[in-house]
Amino acid sequence: MKTKTSIMLAFATITSMLLALVTPVHATAPEALEITADMWVNLDGVTADGTFSANGVISEINQPAVETFFMDVAEGTIHGVKTLSGVHGTIIIKFQAAFTSPTTCVGTFVIISGTGDYTKLHGVGITDATIDPMTGHLVAIYTGT
C-alpha cells in the first residue's frame, strides 16, 4: 500500500513539474484595420482593377488591387474575392454584400490568406461600397479588426 502511495505521489510531483514548464499560448489582440479600394469594373463585368490603401494594423498606399465578383441581380447581392498586392505582401479578401440602392451596397468581409508580412494576418469586418453604373468606378471601404 505504501508503494502505491509513493508511486502516486511521485507521479503527481512529476506532472506538476512538467505543467510548470508549459507556457500558455496567447493570441494577438485584435487591431483596427481600414482598407480603401479605388477600382474600375472591366468590360467583362465580372472583374475590376485599381489600387488600394490601408491603415491601422497594416500600412499601404496606392498599391495594385484586382477583384473577381458575381452579382445576383434577383437577390440583390454581390460576392467576390479581392487580391491586394502590397509592398509587404499580398492579402486575399473574400466579401459579400447586399445592395441598399442601385449604387451602394453593405456587407461583410474576411481576410482568407496572405503572403510575406501578411502570412499570418486574419481579419473580419464590414464593407461599404459605391459604384457609378455609368463609368464603372467602384470605391469599397473595408473596416474591421
Side-chain angles (χ1 to χ4, degrees), residues 6-145:
S6 296
I7 292 172
M8 293 298 283
L9 183 59
F11 179 75
T13 302
I14 291 170
T15 301
S16 296
M17 289 174 19
L18 290 174
L19 288 175
L21 297 175
V22 176
T23 56
V25 176
H26 298 285
T28 304
E31 295 181 50
L33 171 66
E34 182 175 281
I35 299 170
T36 301
D38 187 359
M39 307 180 79
W40 299 88
V41 176
N42 294 316
L43 293 177
D44 62 12
V46 294
T47 62
D49 295 294
T51 62
F52 83 97
S53 295
N55 61 57
V57 67
I58 64 171
S59 180
E60 297 278 1
I61 299 173
N62 293 328
Q63 297 301 313
V66 296
E67 170 181 313
T68 301
F69 60 90
F70 168 77
M71 284 193 290
D72 186 328
V73 178
E75 288 186 15
T77 60
I78 183 169
H79 307 265
V81 175
K82 190 174 264 102
T83 302
L84 311 173
S85 300
V87 172
H88 304 287
T90 301
I91 302 167
I92 309 293
I93 295 175
K94 187 173 182 179
F95 65 90
Q96 60 185 24
F99 281 91
T100 56
S101 78
T103 60
T104 60
C105 58
V106 176
T108 59
F109 77 93
V110 62
I111 296 173
I112 58 173
S113 68
T115 65
D117 288 352
Y118 307 132
T119 299
K120 294 183 179 181
L121 182 68
H122 299 282
V124 296
I126 59 170
T127 181
D128 295 296
T130 58
I131 185 167
D132 181 337
M134 300 300 288
T135 64
H137 185 223
L138 164 69
V139 176
I141 300 173
Y142 300 88
T143 306
T145 56

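Because the structure is predicted, anything quoted here is derived from the model rather than measured. The figures here come from the full heavy-atom set of this structure, side chains too, leaving out hydrogens, waters and symmetry mates.
- Separating the CD1 atom in I92 from the CG atom in L84 is a distance of 7.5 Å, to the nearest 0.5 Å.
- Taken to the nearest 0.5 Å, the OH atom of Y142 stands 11.5 Å off from the CG atom of L33.
- When all heavy atoms of F95 and V81 are compared, the pair lying nearest together is CE2-N, 3.7 Å.
- Between the NE2 atom of H88 and the CG atom of L121 there is a distance of 12.5 Å, given to the nearest 0.5 Å.
- Under the 3.5 Å distance criterion, the side-chain polar atoms of D44 are matched with a main-chain donor or acceptor of T47.
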Which donor-acceptor pairs under 3.5 Å do side chains of residues 61-79 form with protein atoms, sequence neighbours excluded?
| residue | atom | partner | partner atom | Å |
| --- | --- | --- | --- | --- |
| Q63 | NE2 | I61 | O | 2.9 |
| E67 | OE1 | K82 | NZ | 2.4 |
| D72 | OD1 | A74 | N | 3.1 |
| D72 | OD1 | E75 | N | 3.0 |
| T77 | OG1 | H79 | NE2 | 3.2 |

Check: residues 122-130 side-chain donor-acceptor pairs under 3.5 Å, at least two apart:
| residue | atom | partner | partner atom | Å |
| --- | --- | --- | --- | --- |
| T127 | OG1 | I141 | O | 3.4 |

Please list, one pair per line, the donor and acceptor atoms closer than 3.5 Å that link side chains of residues 106-118 to other protein atoms, with sequence neighbours excluded.
| residue | atom | partner | partner atom | Å |
| --- | --- | --- | --- | --- |
| T115 | OG1 | T90 | N | 2.9 |
| Y118 | OH | E60 | OE2 | 2.6 |

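- Taking OG1 from T36 and CG from N55, the interatomic distance works out to 7.0 Å, rounded to the nearest 0.5 Å.
- Residues passing the side-chain hydrogen bond (donor to acceptor under 3.5 Å, both in side chains) test with T145: none are found, sequence neighbours excluded.
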Distance-only donor-acceptor hits, side chain of residues 132-139, under 3.5 Å, sequence neighbours excluded:
| residue | atom | partner | partner atom | Å |
| --- | --- | --- | --- | --- |
| D132 | OD1 | M134 | N | 2.9 |
| D132 | OD1 | T135 | N | 3.4 |
| D132 | OD2 | T135 | OG1 | 3.4 |
| T135 | OG1 | H137 | N | 3.2 |
| H137 | NE2 | D38 | OD1 | 2.4 |

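- Minimum interatomic distance between A48 and V41 (heavy atoms only, all atoms of both residues): CB-CA, 4.0 Å.
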